Amino acid sequence: MIENLNKHKLKEYFYVINYPHYEKELCEMEIKYIFNSVLNKKYFFSNKEINPSRSAFIKHSISIIYSANSLKEITDKILEDKLSYDNFKVCYVKSEDGDVEYNERLNSLKEIGFVINGFPDIHNPSVILGVTKVKDRWIFGEYNKNDFKWHNHDNKPYSYSNSLGVKTSKAVVNIAVGNDLKCSVVDPCCGVGTVVIEALDLGINIKGYEINESIAYNAKKNLEFLGFKDVVKHKDMHTIEEFFDVAIVDLPYGLFTPTTIIEQREILKTARKISKKMILITSEDMEKHITSLGFKIIDKCIVYKNNFKRRITVCI
C-alpha cells in the first residue's frame, strides 16, 4: 500500500542522526526540544521540517514524497505522477534498521533514476533525491544533508581548553530555544563567545556579557573573525536590567579565576531575575542550590569529555 504525502496529509520527514556514546544524552535532549519527540533509535520520523545543519547530530533528512511496502510501488507511482526533475541525482541513505545489501541499494538507485522524467547530473546536481528502506518500508523523497560548515567555528582565534565545544554549544542553544527562534536569549557569562556564536549562526536574538575585560575583548575578536555582529559587552551580569526569555549560563567553576559557591549562587540569583527560563551548565551537581533559589528543574543530562563531566540542567 503506497502513501502519497500530498496536501491531504501532513508532510513527513525522515531524519538520520549519529552521536558518540558520551554525547547520547545530549543528542536525545536536543531532539526532544526541537521535535518534541523521544529518540529511541538513530533515526526518526517527524512532521517538522528542520535543516539538518541546525544540529550537530542530524546527518541527513528526506522530505518524503512516497512511502510504500516495495520499491516497485514507488517506481510505479513516479511513472503515474510523471515526476520530473532536471539535473537530479539519486542517493541511498543508510539507516540503523535498513537491512539492504549493496547490490539492492545500487539497484534501487537505477530503478528510480530510470523512471524520473528529466536528465540526471551526478557531479553537479540541482536537486538530490533520497531513497531508503527502514524495516519493511521503502521511502523516497528530496534529500538534504548537514553541511557541517559550523565546524569552521572551531577555527576562531581565541578559545580555552575548558570552553564548551561547538557541538555542545549548538545543542545547548537548540535546547534553550526549541522552535522559537524569535525568543530573546542572554549568555551572562559568555567567555570567548562559543554559545553566542552558535546562537547568532541560527539567527537568534542573543546578547553576551563578560565581566573579564580581556576575555570580553577576545569574544569580540572571535565574532569579528567569523563575520558575526558584536553582541558582547564587557559588563557585570548583576547590572543587567533587560529581561530575556531564556538565559544560558555556563557557570564559572574557578579553573582560571577563583569562584566561590557564594558567587555561583549570586549568578543563579541574577539569572532568575533576568530570565523566564535557564539552561545551566555546571561541572558539579548544583541541584540543591538551583531549587533553593526558586527554580524548578524540568530536565537534565550529562555530557562527558574525557574524564571531565558537564551537567546540563533545564530550569524554569
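Quick caveat, the model's predicted, so the values are computed rather than measured.
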Please check: side-chain N/O of [X] versus main-chain N/O of [Y], any donor-acceptor pairing under 3.5 Å?
X      : Y      : result
Ser61  : Pro52  : no
Arg265 : Ile290 : no
Asn222 : Val192 : yes
Tyr92  : Asn107 : no
Asn87  : Asp121 : no
Thr291 : Lys288 : yes
Lys300 : Arg311 : no
Glu142 : Ser63  : no

Around atom [atom1] of [X], are there more than 12 heavy atoms of other residues, nucleotides or ligands at under 6.0 Å?
X      : atom1 : answer
Lys72  : NZ    : no
Phe114 : CZ    : no
Lys233 : NZ    : no
Asn155 : CG    : yes
Glu284 : CD    : no
Ile298 : CD1   : yes

Is the closest side-chain heavy-atom distance between [X] and [Y] below 4.5 Å?
X      : Y      : result
Val16  : Ile62  : no
Lys149 : Asp201 : no
Ile112 : Leu129 : no
Pro188 : Val249 : yes
Arg105 : Lys94  : yes
Phe228 : His153 : yes
Ile58  : Ile34  : no
Thr132 : His60  : no

Does the plane of the ring in Phe44 sit parallel, tilted or perpendicular to the ring in Tyr15? Use 30° and 60° as the thresholds.
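If you compare the ring of Phe44 with that of Tyr15, the planes turn out parallel.
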Go through the steps to decide whether Leu71 and Glu104 satisfy the test side chain to side chain contact (heavy atoms under 4.5 Å, CB included), and finish with yes or no.
CA-CA 10 Å; Leu71 184 66; Glu104 188 178 5; over 6 Å; no
Under 4.0 Å between a Lys/Arg side-chain N and an Asp/Glu carboxylate O for Glu23 and Lys167?
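Counted as a salt bridge, because a side-chain N and a carboxylate O are separated by less than 4.0 Å.
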Does the distance from a Lys or Arg side-chain N to an Asp or Glu carboxylate O, for Lys220 and Glu224, drop under 4.0 Å?
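Salt bridge flag = no for Glu224 with Lys220.
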Would you check if the distance from the ring center of His234 to the ring center of Tyr217 is below 6.0 Å?
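Distance test on ring centres: not under 6.0 Å, no.
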Taking a hydrophobic cluster as the set of Ile, Leu, Val, Met, Phe, Trp and Tyr residues connected by side-chain heavy atoms closer than 4.5 Å, whether directly or through intermediates, do [X] and [Y] fall within one such cluster?
X      : Y      : answer
Ile302 : Tyr19  : no
Leu226 : Leu164 : yes
Leu202 : Trp150 : no
Ile204 : Val172 : yes
Phe119 : Val90  : no

Under the side chain to side chain donor-acceptor pair (under 3.5 Å) definition, can you give me all pairs with a residue in residues 30-45, not counting sequence neighbours?
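Found Asn18-Lys42, Glu30-Ser55, Glu30-Asn174, Lys32-Asp299, Tyr33-Asp299, Lys41-Asp97, Tyr43-Asp97.
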Axial cation check for Phe45 ring with Arg137, 6.0 Å and 45° limits:
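Judged by the rule, Arg137 and Phe45 form a cation-pi pair.
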Side chain to side chain contact (heavy atoms under 4.5 Å, CB included) for Thr270 and Ile240? Distances and angles first, verdict last.
CA-CA 9 Å; Thr270 296; Ile240 297 174; 5.6 Å; no
Report the residue from Lys182, Lys276, Lys207 that forms a salt bridge (Lys or Arg N to Asp or Glu O under 4.0 Å) with Asp245.
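The salt bridge (Lys or Arg N to Asp or Glu O under 4.0 Å) with Asp245 is passed solely by Lys276 among Lys182, Lys276, Lys207.
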Could you check Thr75, Asp76, Asp81 and say which one makes a side chain to side chain donor-acceptor pair (under 3.5 Å) with Tyr66?
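Result for side chain to side chain donor-acceptor pair (under 3.5 Å) with Tyr66: Asp81.
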With Cys189, which of Val195, Asp250, Ile267, Leu251 fulfils side-chain contact (heavy atoms from CB on, under 4.5 Å)?
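For Cys189, the side-chain contact (heavy atoms from CB on, under 4.5 Å) test succeeds with only one of Val195, Asp250, Ile267, Leu251, which is Ile267.
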Ile279 pairs by side-chain contact (heavy atoms from CB on, under 4.5 Å) with which of Val185, Ile175, Thr313?
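Going through the options one by one, the only one that passes is Ile175.
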Evaluate Val93 against Lys145 for side chain to side chain contact (heavy atoms under 4.5 Å, CB included), listing each step before the verdict.
CA-CA 10 Å; Val93 179; Lys145 69 176 181 178; over 6 Å; no
Once you round to the nearest 0.5 Å, how far does OG of Ser53 lie from CG of Asn144?
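Result: 6.5 Å between the selected atoms.
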Straight-line distance of Glu73 CD to Ile78 CD1, nearest 0.5 Å
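Here the rounded value is 12.0 Å.
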Could you walk me through whether Phe14 and Ser67 pass the side chain to side chain contact (heavy atoms under 4.5 Å, CB included) test, one step at a time?
CA-CA 11 Å; Phe14 173 71; Ser67 176; over 6 Å; no
Considering non-hydrogen atoms only, spot the tightest contact between Thr194 and Gly165 and give its length.
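Closest approach of Thr194 to Gly165: CG2-O, 4.2 Å.
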